[in-house]
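Keep in mind the model is a prediction, meaning the values are calculated, not measured.
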Amino acid sequence: MKEQGGYSTKHMLFALSTSMFIGFYVAQFISNMLISESIPSHNIQEEKRNNNFSLRTCTNPDSVPDHPFDNSIVADQLRKEVRILCWIMTNPNNHKNKSRHIKRTWGKRCNILLFMSSEYDDELPTVKLDVEEGRVNLWRKVKEAFKYVYKHHYNDADWFYKADDDTYAIMENLRYMLYPYHPMTPVHFGCKFKAYVKQGFMAGGPGYVLSKEALRRFVVEGIPSNKICINDTNEFEDFEIGACMENLNVTAGDSRDWNGRGRMFVSVPQDHLVPDRNTGFWYWNFSFYKNDEGLDCCSDNAISFHYVIPELMYTMDYLIYHLKPYGIVRELHRLPAKLKVGEFLPPPIEEIANSNEDSMDDDDRKH
Ligand SMILES: *[C@@H]1O[C@H](CO)[C@@H](O)[C@H](O)[C@H]1NC(C)=O
Ligand SMILES: *[C@@H]1O[C@H](CO)[C@@H](O)[C@H](O)[C@H]1NC(C)=O
Ligand SMILES: *[C@@H]1O[C@H](CO)[C@@H](O)[C@H](O)[C@H]1NC(C)=O
Ligand SMILES: *[C@@H]1O[C@H](CO)[C@@H](O)[C@H](O)[C@H]1NC(C)=O
Ligand SMILES: *[C@@H]1O[C@H](CO)[C@@H](O)[C@H](O)[C@H]1NC(C)=O
């Protein structure tokens, strides 16, 4: 597999850390000032009772600066090189109590963020699609949303990610996974399920990402043809688009990391780390690849989770982007080489399932 050497900016990291210490106190002083000025007087508990809590006191994206002295050189570079349009499947009931919190957490890290609904909402804002609400219309809504995206944003992004309003995604890791692939390769990625579609289909909850060429095929060749993409009223949008992708010769990509661990998940981290197999969680029956539990369940570069309530979105944001064990700075893996159109990475090394044990961490493997 790929060489796991340190990133070449190591010495730069060191230089940066010196200025970080100086900057730290200045930054903290400024952010304290900003936070104390911006804490609004309303009560979170009351907002929750009214079903419209905003958690402004926890994260007001306008006033709490991200850590300005973090070294995000590589993430910033990928943000420019691997442009991702995200669109969120939502509905008028959820604008205020779900979608709003995506915008305030992970959604702001997409290159373009769109909310697809059936009503306007200036706050998000939403794209009003001409589709009635209700589960049974989900498939029609997916098609209308991708048609809109193709018409208005085909040239503004390289990859097109559909997520639900209870999905949480780590955009930096989505870009890292997609980095080697050429956007003109007909491919899509997600959490692959082995059912109904020969090559597998991507479960809807964790979201799925279409390459530019996959989007073009879907909108230009698939949707207009009743033979390639079925034209009916149907709630199983993930299965239908999976069938469509297969008919369009769009490969169902492998979203596992080089270690064979999953990166896109149908439930919250807890359900994958500490699953209750006795409950017959349907995930175990459908997952395309073998899966493990404990720390072996999930990649250190996981991309997305599902059934994430707003409270957990803010918690995830805190755990991923703020909380850090002092003194530990993880080395970056070298970016893989870019692939040509139609080329794919080799499958990861399969490891023997080793239940409830962090058998082989990324760092163990290096030594
Ligand atoms: C939240 O709900 C309360 C009661 O329904 C309402 O008075 C308030 O304006 C709402 N706030 C927002 C930000 O929507
Ligand atoms: C959001 O509000 C709608 C009603 O407007 C309600 O049906 C739904 O359960 C609420 N969702 C959450 C997560 O609170
Ligand atoms: C799909 O069905 C809808 C509703 O019946 C219709 O308006 C539309 O033209 C159909 N599209 C195709 C490609 O047949
Ligand atoms: C998919 O590939 C097969 C075999 O190469 C070909 O016959 C078929 O026309 C292709 N379908 C589309 C929609 O491009
Ligand atoms: C999963 O598969 C097992 C055995 O193959 C079966 O007993 C169980 O009913 C299945 N569970 C679900 C939720 O489909």
Side-chain angles (χ1 to χ4, degrees), residues 84 86 89 138-139 142 146 159-164 166-170 173-181 183 185-211 213-215 217-218 222 229 235-269 271-273 275 277 280-293 296-307 339 342-351 353:
I84 302 176
C86 307
M89 172 87 88
L138 282 178
W139 172 227
V142 163
F146 275 121
W159 300 88
F160 301 87
Y161 178 53
K162 173 262 167 191
D164 284 347
D166 56 354
T167 306
Y168 181 94
I170 298 130
N173 289 344
L174 182 54
R175 293 194 182 99
Y176 177 43
M177 176 181 80
L178 297 173
Y179 174 84
Y181 289 95
T185 298
V187 65
H188 68 304
F189 295 93
C191 172
K192 208 193 292 184
F193 273 7
K194 52 167 188 219
Y196 314 121
V197 181
K198 206 157 85 194
Q199 68 169 354
F201 72 96
M202 308 304 170
Y208 41 81
V209 61
L210 272 54
S211 70
E213 172 61 6
L215 170 70
R217 288 192 189 187
F218 182 46
C229 298
E235 74 175 277
F236 303 108
E237 45 96 12
D238 51 1
F239 153 65
E240 293 299 356
I241 196 171
C244 231
M245 290 289 129
E246 182 164 271
N247 293 339
L248 288 163
N249 297 330
V250 173
T251 303
D254 184 345
S255 61
R256 292 174 301 166
D257 68 9
W258 59 277
N259 222 342
R261 291 179 190 156
R263 287 196 266 214
M264 300 175 84
F265 297 97
V266 293
S267 194
V268 293
D271 286 347
H272 295 278
L273 282 158
R277 286 175 187 266
F281 184 25
W282 42 270
Y283 171 68
W284 303 111
N285 287 35
F286 282 106
S287 177
F288 195 89
Y289 303 106
K290 86 153 180 65
N291 46 69
D292 206 349
E293 53 195 33
D296 282 337
C297 74
C298 312
S299 173
D300 288 352
N301 294 112
I303 291 169
S304 65
F305 298 92
H306 187 219
Y307 300 131
L339 300 163
E343 279 184 351
F344 289 83
L345 289 180
I349 302 158
E350 288 272 359
E351 281 194 1

Ring centroid separation for Phe265 and Phe305, is it under 6.0 angstrom?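 That pair passes the under 6.0 Å test.
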
How are the rings of Phe189 and Trp159 set relative to one another: parallel (under 30°), tilted (30 to 60°) or perpendicular (over 60°)? tilted

Parallel, tilted or perpendicular for Phe218 and Trp139, by the 30°/60° rule?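 Aromatic pair Phe218/Trp139 classed tilted.
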
Could you tell me which non-hydrogen atom of [X] sits nearest to which non-hydrogen atom of [Y], and how far apart they are?
X: Val209; Y: Leu174; result: CG1-CD1, 4.1 Å
X: Asn285; Y: Lys194; result: O-CE, 3.8 Å
X: Met202; Y: Asp238; result: O-CB, 3.2 Å
X: Pro206; Y: Tyr161; result: O-OH, 2.7 Å
X: Leu210; Y: Met245; result: CD2-CE, 3.9 Å
X: Ala252; Y: Gly200; result: CB-O, 4.0 Å

Within 6.0 Å of CZ in Phe344, more than 12 heavy atoms from elsewhere: yes

Let's go through Phe193 and Val266 carefully: what are the C-alpha distance in whole Å and the side-chain angles of both, what is the deciding distance for side chain to side chain contact (heavy atoms under 4.5 Å, CB included) to 0.1 Å, and is it a yes or a no? CA-CA 10 Å; Phe193 273 7; Val266 293; 3.6 Å; yes

Start with the C-alpha distance between Tyr176 and Ile303, add both sets of side-chain angles, then the distance that settles side chain to side chain contact (heavy atoms under 4.5 Å, CB included), and finish with yes or no. CA-CA 9 Å; Tyr176 177 43; Ile303 291 169; over 6 Å; no

So Arg175 and Ile84, do their side chains get closer than 4.5 Å, heavy atoms only?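 Side-chain contact under 4.5 Å: yes.
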
Check: Tyr168 and Val268 side chains under 4.5 Å, non-hydrogen atoms: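 No, every pair of side-chain atoms sits at 4.5 Å or beyond.
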
Whether the side chain of [X] engages the backbone of [Y] through a donor-acceptor N/O pair (distance < 3.5 Å, no angle test) should be reported.
X: Arg263; Y: Arg256; answer: yes
X: Thr251; Y: Gly253; answer: no
X: Asn173; Y: Ala302; answer: yes

Reported [atom1]-to-[atom2] distance for the pair [X] and [Y], which is rounded to 0.5 angstrom:
X: His188; Y: Ile241; atom1: NE2; atom2: CD1; answer: 7.0 Å
X: Lys192; Y: Phe201; atom1: NZ; atom2: CZ; answer: 12.0 Å
X: Met264; Y: Thr167; atom1: CE; atom2: OG1; answer: 9.0 Å
X: Cys191; Y: Tyr208; atom1: SG; atom2: OH; answer: 13.5 Å
X: Asp300; Y: Asn259; atom1: CG; atom2: CG; answer: 8.0 Å
X: Glu213; Y: Asn249; atom1: CD; atom2: CG; answer: 10.5 Å

Candidate pair Glu246 and Tyr196, rule side-chain hydrogen bond (donor to acceptor under 3.5 Å, both in side chains), full reasoning: CA-CA 11 Å; Glu246 182 164 271; Tyr196 314 121; over 6 Å; no

Using salt bridge (Lys or Arg N to Asp or Glu O under 4.0 Å) as the criterion, point out the one residue from Asp296, Asp254, Asp292 that pairs with Arg261.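 Single salt bridge (Lys or Arg N to Asp or Glu O under 4.0 Å) partner of Arg261 among Asp296, Asp254, Asp292: Asp296.
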
With side chain to side chain contact (heavy atoms under 4.5 Å, CB included) as the criterion, how do Cys229 and Glu240 come out once you've worked through the C-alpha distance, each side chain's angles and the decisive distance to 0.1 Å? CA-CA 7 Å; Cys229 298; Glu240 293 299 356; over 6 Å; no

Assess whether side chain to side chain contact (heavy atoms under 4.5 Å, CB included) is satisfied between Leu138 and Met89, documenting all intermediate values. CA-CA 9 Å; Leu138 282 178; Met89 172 87 88; 3.7 Å; yes

